[in-house]
There are 2 protein chains.
Amino acid sequence: MFIGEFHHNLDEKGRIAIPSKYREILGDAFVITRGIEHCIYVYPNDTFNHIVTKLESLPFTKKDARAFTRFFMSGATAVELDKQGRVNIPSPLINYANLSKKCVIVGTGDRLEIWDEDAFNEFMSSCNDEMSDIAEGLFEEKI
Amino acid sequence: MFIGEFHHNLDEKGRIAIPSKYREILGDAFVITRGIEHCIYVYPNDTFNHIVTKLESLPFTKKDARAFTRFFMSGATAVELDKQGRVNIPSPLINYANLSKKCVIVGTGDRLEIWDEDAFNEFMSSCNDEMSDIAEGLFEEKI
DNA sequence: TAGACTGTGGGGAAAAGTGGGGGATAAATA
DNA sequence: TATTTATCCCCCACTTTTCCCCACAGTCTA
């Protein structure tokens, strides 16, 4: 399971170090793709394949299904760690997520997310106040 | 069950001693994460896993679910006690909870909470007056 | 009063993250 | 076809952080 928050730098060559704690789970090869809030998702191969299977079961006659599949699949890239534990982020994804030098890598259960630091802080502070309400709404019964 | 209030120091390396009374319940390994009122939650592994199970049942296509999962999981870290009974607090959590040297560790039933001392005092005094009203709203019948 | 336990501080080794050089491969141009 | 240009990896070296251990002081107990 992916948990935690790490602040790493994207270097001039478009590389970023994957926190060592995550490498054991991810293995050497995995998938990165566009995420929903203008961040980048990082999935282990198994998990990615599982999601793809789900997507393929959606009827391609549905407009939304086509759009989401396109969004999700077109951004995807199979990547490998170099010997320093870094990955290359393809430039379309760097642009999509607006990554500058300072990035945040967070674990959210089944995947990692890579955010530009400013964007992440903004997102977090924007939903900080609502978090209490959200929590109340999510669980009807006692946890 | 966690009860009580302890005042401990966060040292320069970001470590804080867990009160010895709590160590028996927590064991050697447990989880700390972002709490809702800008404090830090400390959960035994079992309790944390239970919450995660609940979260995982929520679809990642739901916006609130993504936000809360991100909030909760990204703040989480699996920690272990060192031989002196201390844990390392990751710097993102120190920032989030605004911890300076003086901290308060309180037991709140199923979890511990770690607060900056000033923030804790302020929170307590601010809602002391309302406590009577708050209590009334909680239960309709007799406890 | 001696011993055990708890909380606090700090030193040092090991690991993790960062930046940059250089060679191989592939694409582009003359 | 030959030369140039760009891109991608791999490796090395430096810095920073993390982790583990030891030592000390205060408190409680026997």
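A note on names: the letters A, B, ... follow the listed sequences, proteins ahead of strands, and every chain is numbered from 1.
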| note | Among the nucleotides D:dC19, C:dG10, C:dT18, whichever has the atom closest to the side chain of B:Arg15 is C:dG10
| said: Centroid separation under 6.0 Å, is that true for the rings of B:Tyr43 and B:Phe30? | reply: no
| message | Any side-chain to backbone donor/acceptor pair from B:Asp82 onto B:Val87? Under 3.5 Å, distance only. | response | no
| request: Grab the NE2-C1' distance between A:His7 and C:dT18 for me, whole Å please. | output: 17 Å
| query | Within less than 4.0 Å of OP1 or OP2 of D:dC11, is there a side-chain N or O belonging to A:Lys83? | reply | yes
| query | Between A:Ile89 and A:Arg15, does a side-chain contact (heavy atoms from CB on, under 4.5 Å) hold up when you go through it step by step? | reply | CA-CA 6 Å; A:Ile89 312 285; A:Arg15 301 174 298 187; over 6 Å; no
| field | Side chain of A:Asn9 (C-beta onward), nearest among C:dT18, C:dT8, D:dC19 | value | C:dT18
| request: Nearest whole angstrom, please: distance from the C1' of C:dG17 to the OH of A:Tyr22. | output: 15 Å
| said: Heavy atoms from C-beta onward define the side chain here; which of C:dG20, C:dG17, C:dG7 lies closest to that of A:Glu12? | reply: C:dG20
| query | Could you give the CG-to-C1' distance, from A:Asp11 to C:dG20, as a whole number of Å? | reply | 9 Å
| Which nucleotide in the set D:dC12, D:dC10, C:dG9 lies at the smallest distance from any side-chain heavy atom of A:Asp82? | D:dC10
| query | Ion pair present between B:Arg70 and A:Glu37, side-chain N to carboxylate O less than 4.0 angstrom? | reply | yes
| Expressed in angstrom and rounded to an integer, what is the separation of B:Lys13 atom NZ from C:dG12 atom P? | 10 Å
| message | Given D:dC11, C:dG11, C:dG7, identify the nucleotide with an atom nearest to the side chain of A:Arg86. | response | D:dC11
| note | In whole angstroms, the gap separating P of D:dC8 from CD1 of A:Ile89 amounts to 13 Å
| said: Check for me whether the distance between the ring centres of B:Phe72 and B:Phe48 falls short of 6.0 Å. | reply: yes
| Given atom CG of B:Leu10 and atom P of C:dG7, what is their separation to the nearest angstrom? | 15 Å
| Starting at the 5' end of DNA chain D and moving along, which residue's nearest nucleotide shows up first, B:Asn88 or B:Gln84? | B:Asn88
| said: If you take any heavy atom closer than 4.0 Å to DNA chain D, which residues from residues 90-107 of chain B end up in contact? | reply: none
| request: Can you tell me the distance, in whole Å, between the NE2 atom of A:His8 and the P atom of C:dG19? | output: 11 Å
| field | Check: A:Asn9 side chain, A:Lys102 main-chain N or O, donor-acceptor pair, under 3.5 Å | value | no
| Mapping A:Leu81 and A:Lys21 to their closest nucleotides on DNA chain D, which lands nearer the 5' end? | A:Leu81
| Using 4.0 Å as the upper bound for N to carboxylate O, is an ion pair formed by A:Arg111 and A:Glu113? | yes
| Using a cut-off of less than 4.0 Å, is there contact between a side-chain N or O of A:Arg23 and OP1 or OP2 of C:dG17? | yes
